Amino acid sequence: MRKMWLWVLSSLMMLWMFAGSCMAGGDPIILGLPTSLGYLEGYESKNAAELAIEEINAAGGVQVGSEKRLLKLVSADTRDSEPGIPVAEALMAYEKLILQHKPHAIIAGFFSSEALLASMDITSKHKLPYLATIPMSPKVQQKILSNYDAYKYCFRLCYDARAFTKTYLGALTLINKEFGFNKAFFMTEEALWAKAIGGKTAEWMKKNGWTVTGNYSFPKGASDFSSTLLKIKNTKTEVIVFICSMPSVVIFADQWRGMKVPAVLTGLLPALCGEENWKTHGGKINGIVNLVEAGCMPVKSIPESETFYSAYTKKFGKPPGASHGTGATYDAVYALKDAIERAGSLDPDKLVSELEKTDRKGCIGRVKFGKDHQVIFGPDPEKAALAIDFQWQQPGQRIPVFPPNVATGKIQLPEWMKPKK
């Protein structure tokens, strides 16, 4: 009897090993994820990559020519979003990851545009397909277009500053049309992407009859905005344009409400995007107009965004909280998988060629790259990736207000503020 059980156990083990070899063989495909893991977009992008990899591996892995291979994620904390951390230090962490783990591609990548731009020569040297999902400076595309052969390995799936601005201007147009407001004060973090958004928005305002009442650029880690808010009050500002990736916005929003500043608070406020913020901050964030990428917020017209949002919440115990990057990273892993399978190879130049042909439905909408290797954003998720303007409204809901085809409500003024007579 004992011999029979040993034979059965041995047969089962051989069967399991045979099945495993049929599903996936060879060395794993290594995906590198160097980013600022201490910040929301960084660690949520890592989570999203883990989720996508888990799903793909559970389904048998990636077909590379005649064999199936599993994906493996390796990460490094570049800390490039932290105040006072030099870009050179982030680049050292990036090269260490490359030399130590020899990844076949990079997912998500640096947090800051400054670090991404500085790293593009390293990426070119190692011929690494790089699918960025967090930095937003348009200078990345400019660099690709200026020297395609050198920088063709870099792609971006999140919105850039131009796509963000285009969507954000939709909310400003609604505020102007609904309430007649046309006086704005700019608050921008000292970063390339933030200044690009601020500059483009200011240009648009001047062309459309708005008055810019002030412009203040503040350093990372700023913790008191009371004097600036007093200035905003005194200039009779009606709309605040706040562009910042740091948690500083939580302090600013609290002081804005505490001082009852009669101006609508709008902008890119990642720390106040996730649905759990209402529970955390309560009515303190009521009335804030924010912007989020599909995937970080479920959208009925994008079933893939709802599927991702639900799967992410189930796996990590809470929903995505970032404004962008999380869903884009999930889509990046799948876009890379598709490119590898079409190429039948891990050759970087072949992967670049196949990535350029990407055209798939993802949780951010339609994922398709332009000639500059930037995913195209627009108001129709059937044709492009989608960004959404929403407003926090009672009883703790994120109400989409723009673009029109996903809007479910209208912008409301803070309870202490009245429309023009």
Side-chain angles (χ1 to χ4, degrees), residues 31-49 73-101 103 106-126 128 130-140 143 151 154 156 158-161 164 187-198 216-225 242-252 267-273 321-326 328-329 332:
L31 304 186
L33 195 148
T35 194
S36 199
L37 293 172
Y39 283 79
L40 191 61
E41 286 84 355
Y43 68 75
E44 282 199 353
S45 291
K46 182 174 180 287
N47 288 347
L73 186 69
V74 295
S75 62
D77 188 359
T78 58
R79 301 178 63 207
D80 57 293
S81 64
E82 297 180 22
I85 299 298
V87 168
E89 188 171 319
L91 297 183
M92 287 174 62
Y94 179 41
E95 279 223 90
K96 183 179 178 182
L97 179 142
I98 294 171
L99 296 173
Q100 183 175 343
H101 297 287
I106 302 297
I107 299 293
F110 290 105
F111 191 100
S112 74
S113 296
E114 289 86 346
L116 174 57
L117 286 162
S119 73
M120 288 173 74
D121 287 309
I122 298 172
T123 301
S124 177
K125 179 178 71 175
H126 293 282
L128 275 172
Y130 189 124
L131 284 74
T133 62
I134 303 175
M136 294 169 57
S137 173
K139 290 186 177 181
V140 174
K143 202 165 181 177
Y151 302 123
C154 192
R156 178 162 50 197
C158 67
Y159 48 54
D160 70 341
F164 169 90
M187 299 282 295
T188 55
E189 173 190 328
E190 288 181 356
L192 286 174
W193 66 270
K195 291 178 180 179
I197 290 171
Y216 175 58
S217 182
F218 56 92
K220 292 179 180 180
S223 59
D224 183 16
F225 299 95
F242 195 95
I243 310 296
C244 174
S245 63
M246 299 288 106
S248 303
V249 66
V250 177
I251 299 168
F252 183 88
L268 178 62
L269 319 169
L272 297 176
C273 266
S323 64
H324 74 291
T326 312
T329 301

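If you're wondering where the values come from, they're calculated on a predicted model, not measured in any experiment.
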For Lys220, does the NZ atom sit with more than 12 other heavy atoms under 6.0 Å from it, leaving out its own atoms? yes
Starting at [atom1] of [X], measure out to [atom2] of [Y] and round the result to the nearest 0.5 Å.
| X | Y | atom1 | atom2 | value |
| --- | --- | --- | --- | --- |
| Arg79 | Tyr39 | CZ | OH | 9.5 Å |
| Leu31 | Leu73 | CG | CG | 6.5 Å |
| Met136 | Ile197 | CE | CD1 | 3.5 Å |
| Ser45 | His324 | OG | NE2 | 8.0 Å |
| Ser124 | Lys143 | OG | NZ | 9.5 Å |
| Glu190 | Lys195 | CD | NZ | 5.5 Å |

Among Thr35, Asn47, Thr133, the one residue meeting side-chain hydrogen bond (donor to acceptor under 3.5 Å, both in side chains) with Thr329: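 Exactly one option meets the side-chain hydrogen bond (donor to acceptor under 3.5 Å, both in side chains) with Thr329, and it is Thr133.
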Check against side-chain contact (heavy atoms from CB on, under 4.5 Å), Leu272 and Phe242: CA-CA 12 Å; Leu272 297 176; Phe242 195 95; over 6 Å; no
So, [X] side chain and [Y] main chain: donor-acceptor pair closer than 3.5 Å or not?
| X | Y | value |
| --- | --- | --- |
| Glu44 | Gly321 | yes |
| Ser323 | Cys273 | no |
| Asp80 | Phe111 | yes |
| Glu189 | Ser245 | yes |
| Ser119 | Ile122 | no |
| Glu41 | Ile134 | no |
| Glu114 | Leu192 | yes |

Side-chain H-bond candidate by donor/acceptor type, Ser137 with Ser113, under 3.5 Å: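 No, no side-chain donor-acceptor pair sits under 3.5 Å.
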Parallel, tilted or perpendicular, judged at 30° and 60°: which one describes the rings of Tyr130 and Tyr94?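 Plane angle over 60°, so perpendicular.
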Using every non-hydrogen atom in the two residues, find where [X] and [Y] come nearest and quote the distance to one decimal.
| X | Y | result |
| --- | --- | --- |
| Pro138 | Ala161 | CD-CB, 3.8 Å |
| Cys244 | Ser248 | SG-CB, 4.3 Å |
| Leu116 | Ala132 | CD2-CB, 4.1 Å |
| Pro83 | Gly221 | CG-N, 4.3 Å |
| Ala271 | Pro247 | CB-CA, 4.0 Å |
| Ala118 | Val87 | CB-CG1, 3.7 Å |

Walk me through it: do Leu91 and Phe110 pass the test side-chain contact (heavy atoms from CB on, under 4.5 Å)? CA-CA 9 Å; Leu91 297 183; Phe110 290 105; 4.1 Å; yes
Determine whether [X] and [Y] make a side-chain contact, defined as any pair of heavy atoms from C-beta on separated by less than 4.5 Å.
| X | Y | answer |
| --- | --- | --- |
| Val140 | Pro135 | no |
| Pro270 | Leu268 | yes |
| Leu128 | Ile98 | yes |

Worked verdict on Ile243 versus Trp193 for side-chain contact (heavy atoms from CB on, under 4.5 Å): CA-CA 9 Å; Ile243 310 296; Trp193 66 270; 3.3 Å; yes
Evaluate the criterion side-chain contact (heavy atoms from CB on, under 4.5 Å) for residue pair Glu89 and Glu82; output intermediate values, then yes/no. CA-CA 11 Å; Glu89 188 171 319; Glu82 297 180 22; over 6 Å; no
Taking the six-membered ring for Trp, are Phe225 and Phe218 ring centroids under 6.0 Å apart?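 Yes.
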